[in-house]
**Q** 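Here's a structure for you.
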Amino acid sequence: MSNVKLLGSGYLILVIGLFLYSFTQVDLSLTLSQWSVWQIIQKFFQHIGYFQRPLSTVLYIILIFLLYLFYFAFLYLAKVGKIRGIREIWTLIIVTTIILTFSYNAFSYDLFNYIFDAKIVTYYHQNPYVHKALDFPNDPMLSFMHWTHRTYPYGPVWLLLTMPLSLGINFFLPTFFLFKFLASVSFLGTVFLIGKILRKINPKDEMFGIVFFALNPLVLIESLVSAHNDITMIFFALWAIYLLLNKKYTRSLILLGLSIGIKFATVLLVPVFLYIAIKQFRNESVDFKRVFEIIFILMTIAVVATSFASGINKNPEIQPWYFLMLFPFAALVAQKRIVVLLTICVSIGMLVSYIPFLLAGEWPKDIVELKVKLLTLSITVGIFLYILSSKRLLSTIKRLFSST
């Protein structure tokens, strides 16, 4: 058995562990199925998540730690060319996606808000930009929802995409999985487009870029487990970029418009699109490696802007899933060691930020400050590792030791 297949088998066991762990966080007011056997199973997992919180927290830490160990192993194999065929890694990604599509959205309640926002239109025939969940106090979903006081915060495209998924709203579980399926398709589409773009601009980094994004534990949790709509926004943005590279301007602009119409952040890409289009119209060469570095910087700005826009009392509210709009573009510039190290360190720091909630059952009052500290520490560690791994530094140290 090859190293990739052996690692893949162990990795999928961990993914199943993450799938099972997600059900420890099922809201106590939510019954996923009336089937008596399932209710016994659900209560068993809930007992761990809600009444054995130290155990639940330890299980989470072990899962995340092991997922990163496997992630580093796959990155190494991709970097040294030990993953022989793209089919091997794609099989692993697809199986992982299928398993986590059926997980519970353990780390965020946003998926329930997506469902209810669409329900306001399809079931109550009202405008979600005007009406909020609290305007329908008799709805059973309110018993397990959070953020019921807010009106619809996203673009109209997201509403158009999700309305058809809510037509079976009286059957909660099928609707729940339809929304999860949308996130999973967006995730797979994003991975596919990362590979296609890298094959066009930097073929030797295709495998590393795919592994770098698709197997990152934070990406898996926020895209497939929690099913945040950021992944759908980025899917359309990457599709638009791929079409732009192939000089299909009309379809590219339409898809960029769809991306912007989901969550607005990708509006920062408009100047870059115009720059590339103008250069291509003039038959001038485009340094796409530099362009994607600029896009990475722009989406970093988008993460910061989103954090401040959703903050409280002018303090940034840094949410782990915001980085979904950044990490795909990090995969496109993964030849930059500093980008790789910073991205990985930030992803670890953001997943660590869930530990206080899992342990206490509620967010501490200083969670905003804690997340800022974790992010600062993550960036500092990333920079330190970059300096430490610098070839110039290593050669200098070697010369110093040889001279003594």
**Q** Identify whether NZ of Lys or CZ of Arg in Lys79 sits under 6.0 Å from the centre of the six-membered ring of Tyr76 and within 45° of that ring's axis.
**A** no
**Q** Step by step, work out the salt bridge (Lys or Arg N to Asp or Glu O under 4.0 Å) result for Arg150 and Asp117.
**A** CA-CA 10 Å; Arg150 61 94 169 131; Asp117 290 332; 2.9 Å; yes
**Q** Before giving the answer on side-chain contact (heavy atoms from CB on, under 4.5 Å), spell out for Tyr249 and Phe281 the whole-Å C-alpha distance, their side-chain angles and the decisive distance to 0.1 Å.
**A** CA-CA 10 Å; Tyr249 302 109; Phe281 269 124; 3.9 Å; yes
**Q** Check Lys336 with Glu293, please: is the shortest side-chain N to carboxylate O separation under 4.0 Å?
**A**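 Judged by the 4.0 Å cut-off on N to carboxylate O distance, Glu293 and Lys336 do form a salt bridge.
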**Q** Please examine the side chains of Phe292 and Ile197, heavy atoms only from C-beta on, and report whether any two atoms are closer than 4.5 Å.
**A** yes
**Q** Answer yes or no: does atom CZ of Phe72 have more than 12 heavy-atom neighbours from other residues, nucleotides or ligands under 6.0 Å?
**A** yes
**Q** Show your working on side-chain contact (heavy atoms from CB on, under 4.5 Å) between Leu215 and Phe70 and close with a plain yes or no.
**A** CA-CA 9 Å; Leu215 299 186; Phe70 275 83; over 6 Å; no
**Q** Would you check if Val270 and Val272 make a side-chain contact, meaning some heavy-atom pair closer than 4.5 Å?
**A** no
**Q** Looking only at the side chains, is there a donor atom on one of Asn127 and Tyr152 sitting less than 3.5 Å from an acceptor on the other?
**A**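 No, Tyr152 and Asn127 have no side-chain donor paired with an acceptor closer than 3.5 Å.
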**Q** Side chains of Phe136 and Gln126, heavy atoms from C-beta outward: is any pair under 4.5 Å?
**A**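 Heavy-atom side-chain distance check passes, below 4.5 Å.
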**Q** Would you check if the distance from the ring center of Tyr354 to the ring center of Phe107 is below 6.0 Å?
**A**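 Ring-ring flag for Tyr354/Phe107: true, centres closer than 6.0 Å.
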**Q** Under 30°, 30 to 60°, or over 60°: which ring-plane class applies to Phe19 and Phe23, parallel, tilted or perpendicular?
**A**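 Taking Phe23 first and then Phe19, their aromatic rings stand perpendicular (interplane angle over 60°).
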**Q** If you measure from CE on Met163 to CD1 on Ile120, what distance do you get to the nearest 0.5 Å?
**A** 12.0 Å
**Q** As a quick check of understanding, evaluate side chain to side chain donor-acceptor pair (under 3.5 Å) for Tyr124 and Asp139, giving each step before the final call.
**A** CA-CA 10 Å; Tyr124 290 109; Asp139 194 290; 2.6 Å; yes
**Q** Under a 4.5 Å cut-off applied to non-hydrogen side-chain atoms, are Ser347 and Pro217 in contact?
**A**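 The answer is no; the side chains never approach within 4.5 Å.
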**Q** Given side chain to side chain donor-acceptor pair (under 3.5 Å), test Ser186 with Thr232 step by step and report yes or no.
**A** CA-CA 5 Å; Ser186 299; Thr232 306; 3.0 Å; yes
**Q** Does Gln42 use its side chain to pair, donor to acceptor, with the backbone of Leu30 at less than 3.5 Å?
**A**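 Present.
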**Q** Nearest heavy-atom pair of Ser103 and Leu224: which atoms, and what distance?
**A**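 What the structure gives for the nearest pair is OG-O, 3.9 Å.
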**Q** Counting only heavy atoms not in Tyr129 (residues, nucleotides, ligands), do more than 12 fall under 6.0 Å from its OH?
**A**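 Above 12, so yes.
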**Q** Taking atom CG of Leu165 and atom CD1 of Ile115, what is their separation to the nearest 0.5 Å?
**A** 9.0 Å
**Q** Identify whether the distance between the nearest side-chain nitrogen and carboxylate oxygen of Lys373 and Glu369 falls below 4.0 Å.
**A**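 Looking at Glu369 together with Lys373, the answer is yes, because their closest N to O distance falls below 4.0 Å.
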**Q** Would you check if Thr57 and Ile355 make a side-chain contact, meaning some heavy-atom pair closer than 4.5 Å?
**A**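 Of all side-chain heavy-atom pairs linking Ile355 with Thr57, at least one is under 4.5 Å.
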**Q** Specify the closest pair of heavy atoms between Leu111 and Ser226, including all atoms of both residues, with the distance to one decimal.
**A**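 So the minimum-distance heavy-atom pair works out to CB-O, 4.1 Å.
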**Q** Rounded to the nearest 0.5 Å, what separation is found between the CD1 atom of Ile318 and the CG atom of Leu375?
**A**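 Going from the CD1 atom of Ile318 to the CG atom of Leu375 covers 4.5 Å.
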**Q** Determine whether Phe323 and Met350 satisfy the following criterion, side-chain contact (heavy atoms from CB on, under 4.5 Å), listing intermediate values before the conclusion.
**A** CA-CA 9 Å; Phe323 293 91; Met350 290 298 95; 3.7 Å; yes
**Q** Less than 6.0 angstrom from the centroid, inside 45 degrees of the normal: does Lys371 satisfy that with respect to the ring of Trp363?
**A**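 Yes; both conditions hold, so Lys371 lies above the ring face of Trp363.
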**Q** Can you tell me how far the CG atom of Leu238 sits from the OG1 atom of Thr266, to the nearest 0.5 Å?
**A**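 It comes to 10.0 Å.
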**Q** Measure from the side-chain N and O atoms of Ser259 to the backbone N and O of Met233, and report whether any donor-acceptor pair falls under 3.5 Å.
**A**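 Such a contact is found between Ser259 side chain and Met233 backbone.
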**Q** Shortest non-hydrogen contact from Pro128 to Val121?
**A**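 Closest heavy-atom pair between Pro128 and Val121: CD-CG2, 3.5 Å.
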**Q** Does Ala302 offer a backbone N or O that forms a donor-acceptor pair with the side chain of Thr306 under 3.5 Å?
**A** yes
**Q** For Ala240, is there any backbone N or O sitting under 3.5 Å from a side-chain donor or acceptor partner on Ser252?
**A**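 The answer is yes, because a donor-acceptor pair under 3.5 Å joins these two groups.
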**Q** So, for Ile234 and Leu324, which heavy atoms are closest and what is the spacing to 0.1 Å?
**A**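 Answer, listing the atom of Ile234 first, then Leu324: CG1-O, 3.7 Å.
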**Q** Can any side-chain N or O of Tyr68 pair as donor or acceptor with the backbone N or O of Leu63 at less than 3.5 Å?
**A** no
**Q** Is the NZ or CZ atom of Arg53 positioned over Tyr50's six-membered ring, under 6.0 angstrom from the centre and within 45° of the axis?
**A** yes
**Q** Give me the atom names and distance for the closest heavy-atom approach of Ala183 to Ser223.
**A** CB-O, 3.5 Å
**Q** Quick one: closest heavy-atom pair of Leu351 and Tyr60, and the distance?
**A** O-OH, 2.6 Å
**Q** Is Thr151 close to His131 at the side-chain level, that is, under 4.5 Å between some pair of heavy atoms?
**A** no
**Q** Look only at the side chain of Ser108 and the backbone of Asp110, and say whether a donor-acceptor pair between them is shorter than 3.5 Å.
**A** yes
**Q** So, Asn229 versus Tyr114: side-chain donor-acceptor pair below 3.5 Å or not?
**A** yes
**Q** Within the distance-only criterion (no hydrogens, no angle test), does the side chain of Gln46 pair as donor or acceptor with the backbone N or O of Val26 below 3.5 angstrom?
**A** yes
**Q** To the nearest 0.5 Å, what is the distance between NZ (Lys365) and CG (Leu370)?
**A**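 Atom-to-atom, Lys365:NZ and Leu370:CG are 15.5 Å apart.
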**Q** In the structure I gave you, are the side-chain heavy atoms of Val340 and Phe208 within less than 4.5 Å of one another anywhere?
**A** yes
**Q** Considering the options Tyr109, Phe116, Phe112, Tyr104, which one meets the ring pair (Phe, Tyr, Trp, His ring centres under 6.0 Å) requirement together with Phe144?
**A**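 Answer to the ring pair (Phe, Tyr, Trp, His ring centres under 6.0 Å) test with Phe144 among Tyr109, Phe116, Phe112, Tyr104: Phe112.
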**Q** Which pairs, with at least one residue in residues 90-101 and sequence neighbours excluded, count as a side chain to side chain donor-acceptor pair (under 3.5 Å)?
**A**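 For residues 90-101: Thr101-Ser184.
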**Q** For the atom pair CD1 (Ile89) and CD1 (Ile83), what is the distance rounded to the nearest 0.5 Å?
**A**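 If we round to the nearest 0.5 Å, Ile89:CD1 and Ile83:CD1 are 4.0 Å apart.
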**Q** Does Phe177, at its CZ atom, have more than 12 non-hydrogen atoms belonging to other residues, nucleotides or ligands within less than 6.0 Å?
**A** yes
**Q** Check whether more than 12 heavy atoms from other residues, nucleotides or ligands sit under 6.0 Å from atom OH of Tyr386, and answer yes or no.
**A**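 Not buried by this count: 12 neighbours or fewer within 6.0 Å.
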**Q** Indicate yes or no for a side-chain donor-acceptor contact from Asp205 to the backbone of Asn202 under 3.5 Å, with no hydrogens or angles considered.
**A**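 No; judged by distance alone, with no hydrogens or angles, the pair does not exist.
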**Q** Apply side chain to side chain donor-acceptor pair (under 3.5 Å) to Ser166 and Thr122, showing your working.
**A** CA-CA 7 Å; Ser166 73; Thr122 59; 2.8 Å; yes
**Q** With a 4.5 Å heavy-atom cut-off, do Ile194 and Phe329 have their side chains touching?
**A**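 Result no, sub-4.5 Å side-chain heavy-atom pair not found.
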**Q** Do the two ring centres, one from Tyr71 and one from Tyr11, sit under 6.0 Å apart?
**A**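 No, too far apart.
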**Q** Kindly say whether Ser33 contributes a backbone atom to a donor-acceptor pair with the side chain of Thr31 at under 3.5 angstrom?
**A**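 Not confirmed, Thr31 side chain does not pair with Ser33 backbone.
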**Q** Check whether any side-chain N or O of Asn246 sits under 3.5 Å from a backbone N or O of Lys248 as a donor-acceptor pair, and report yes or no.
**A** no
**Q** Using the side-chain contact (heavy atoms from CB on, under 4.5 Å) rule, take Val225 and Leu220 through it: C-alpha gap first, then chi angles, then the decisive distance, then the call.
**A** CA-CA 7 Å; Val225 178; Leu220 293 177; 5.9 Å; no
